[in-house]
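Reckoned from all heavy atoms, side chains included, excluding hydrogens, waters and symmetry mates.
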Amino acid sequence: MYRHFIAPARGFTQFSHEIIRHPRLSSDAVRLLTWQLSLPEGARESLSRTAERARIGACAFSRAKRELKAEGFVHERRLQGPRGRWVTQQLVSNEPLGEAEAAKLLGRMPAPVPVSVSVSASASAFESMRESAPTAEIPAVGDPAGPLTDGYPKPDRGENTSNLPPEPEPAPEPEAEASEDARALVGALPSLSPALRHIPSGMTEELARLVAAWLAAGHSPASIHTHVLRGLPKGGTPVYKPGGLLRYLLREVPPVEPAAAPAAPAGRSVSARLAGARECEGEQHIQPMLFRPVGDETFCSLCTSEPAPTPA
C-alpha cells in the first residue's frame, strides 16, 4: 500500500487520530464531529444544520448523534429563555467529557437565546478554561495551573484560516457559435443508434455549440460520429438520458491527429538468399523452378541435359 499526502498550506484543521480511528464511531459520526470542529471560532451552527450540509440523512444523523453523546463528544441541555421559550444548547468537543465537566463548560456560555445553538470547544479552549483563575461563582475545570502569559500567538490570516475571501473564478472560455453544419450534424445523431433517438429538443442548441467546437478544431463529421459511437454503452445497456451522454462525450475536444501518409505500393520483395536467381523457362517442371544462371541462359541444368534413354 502506497500513500501520497501533500500537507495543505491553508484551510486545514488538526484532529487527533483517536477521533478518526475511533472503534465505536461510525463514518457519519466522525464526519459530523470533524465538520463541527472545523467551523471557525464563534460559529453557532447546530448539529442538524451540519448534518444537512454534510448530506447525512435523518436516520443516519440520529444514530451518529447518539454515538457522539455516548462517547462524550457531544453534550446537550435545555434551558428556558428570558421570554419563556425553551432552547437547546449543544457542546461539541474534540475530547470526551463527563457530564459534570460538560455542565461546568456550558455554565460559562452566554445566556440562552430563543434559537437552538451549538457551541464548539477545542483543546485550546479547554486549556484556557482550565488554566484561568477560579472565581467564586463558577469554579475552574481541572487542576489549577499557572496563568498564561499572552495565550497562543494570533495565526497568520494569510495561511492558516478558513475565512479567506473566495478566490475569483477564472473567466469561462468563450464557446464556439453553433453553425448550420453543427446543427445539421446534431440532427443526424439520432440516426446513428437507437439509444440516441430521444434527445431533448431543448438541448439541440447546446449540443450544436459543442459540435461547432469540434468542427472548429478541424475534426470531420465522420470522426465526430465515430467518437460518439465509441462512447455508447455496449451489450444493449439502455441509455435513459441521451442528451446528457452526448454532452459528456462532446465536452472535451481532443487534438486532431495528423493524417497518415499514403503507403507506397507494395512490391514483390525477394530475400537476400534468392538474389540473382531466375525462373526456368523449360517445360519439364510441374511447378516454377528457380536456378542461379552463370551467364544469360534461361534453362536450368536439368532442362539442358540430354534426356535419359527409356528402356526398350
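The backbone N or O of Pro233 lies less than 3.5 Å from no partner atom in the side chain of Thr237, so there is not a single donor-acceptor pair. For Trp214 (side chain) and Leu250 (main-chain N/O), a donor-acceptor pair under 3.5 Å exists by modelled atom type. Here the side chain of Glu67 pairs a donor or acceptor atom with the backbone of Ser26 at under 3.5 angstrom. Under a 3.5 Å cut-off, the side chain of His219 and the backbone N or O of Pro254 do form a donor-acceptor pair. In this structure, the side chain of His227 engages the main chain of Leu249 through a donor-acceptor pair within 3.5 Å. At distances below 3.5 Å, at least one donor-acceptor pair connects side-chain atoms of Thr226 with backbone N or O atoms of Ala222.
Residues Gln89 and Leu79 form a side-chain contact, since some pair of their non-hydrogen atoms from C-beta on lies under 4.5 Å apart. You'll find the side chain of Leu97 stays beyond 4.5 Å of the side chain of Phe73, heavy atoms only. You'll find the side chain of Glu281 stays beyond 4.5 Å of the side chain of Met289, heavy atoms only.
Of the inter-residue distances, the one linking Leu185 atom CG with Glu180 atom CD reads 12.5 Å to the nearest 0.5 angstrom. A distance of 10.5 Å separates NE2 of His75 from CG of Leu68, quoted to the nearest 0.5 Å. Atom CG of Leu246 and atom CG of Leu210 lie 9.5 Å apart (nearest 0.5 Å). Remark: Leu232 CG to Leu245 CG distance equals 6.0 Å, nearest 0.5 Å. The distance from the CG atom of Leu106 to the CZ atom of Arg77 is 5.0 Å, given to the nearest 0.5 Å. With rounding to the nearest 0.5 Å, the separation of CG in Leu37 from OG in Ser93 is 7.5 Å.
The nearest pair of heavy atoms linking Ala64 to Leu32 is CB-CD2, 4.4 Å. Val256 approaches Gly218 most closely through the heavy-atom pair CG2-C, 3.7 Å. Here the closest heavy-atom approach between residue Ala182 and residue Ala208 is recorded as CB-O, 3.4 Å. Of all non-hydrogen atoms in Cys280 and Cys300, the two that sit nearest each other are SG-N, 3.3 Å.
For the residue pair Thr88 / Glu76, no side-chain donor-acceptor distance below 3.5 Å is found, with atom types taken as modelled.
Looking at Arg66 and Glu71, no side-chain N of the basic residue comes within less than 4.0 Å of a carboxylate O on the acidic one, giving no salt bridge.
Among Asn94, Ile19, Ile20, the one residue that satisfies the side-chain contact (heavy atoms from CB on, under 4.5 Å) test with Leu33 is Ile19.
Sorted by first and then second residue, the salt bridge (Lys or Arg N to Asp or Glu O under 4.0 Å) pairs involving residues 229-248 (not counting sequence neighbours) are Glu206-Arg247. Applying the salt bridge (Lys or Arg N to Asp or Glu O under 4.0 Å) test to pairs two or more places apart or on separate chains, those with a residue in residues 51-64 are Glu45-Arg53, Arg49-Glu52.
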Output a table of donor-acceptor pairs, distance under 3.5 Å, between side-chain atoms of residues 195-202 and any protein atom two or more places apart or on a different chain; print 'none' if there are none.
none

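Applying the 6.0 Å contact sphere to OH of Tyr248 captures no more than 12 heavy atoms from other residues, nucleotides or ligands.
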Report the C-alpha separation of Leu47 and Gln36 in whole Å, then their side-chain angles, then the decisive distance to 0.1 Å, and conclude whether the side chain to side chain contact (heavy atoms under 4.5 Å, CB included) test is met. CA-CA 8 Å; Leu47 290 174; Gln36 274 281 330; 3.6 Å; yes
Before giving the answer on side chain to side chain contact (heavy atoms under 4.5 Å, CB included), spell out for Thr204 and Arg183 the whole-Å C-alpha distance, their side-chain angles and the decisive distance to 0.1 Å. CA-CA 7 Å; Thr204 302; Arg183 294 188 182 92; 5.6 Å; no
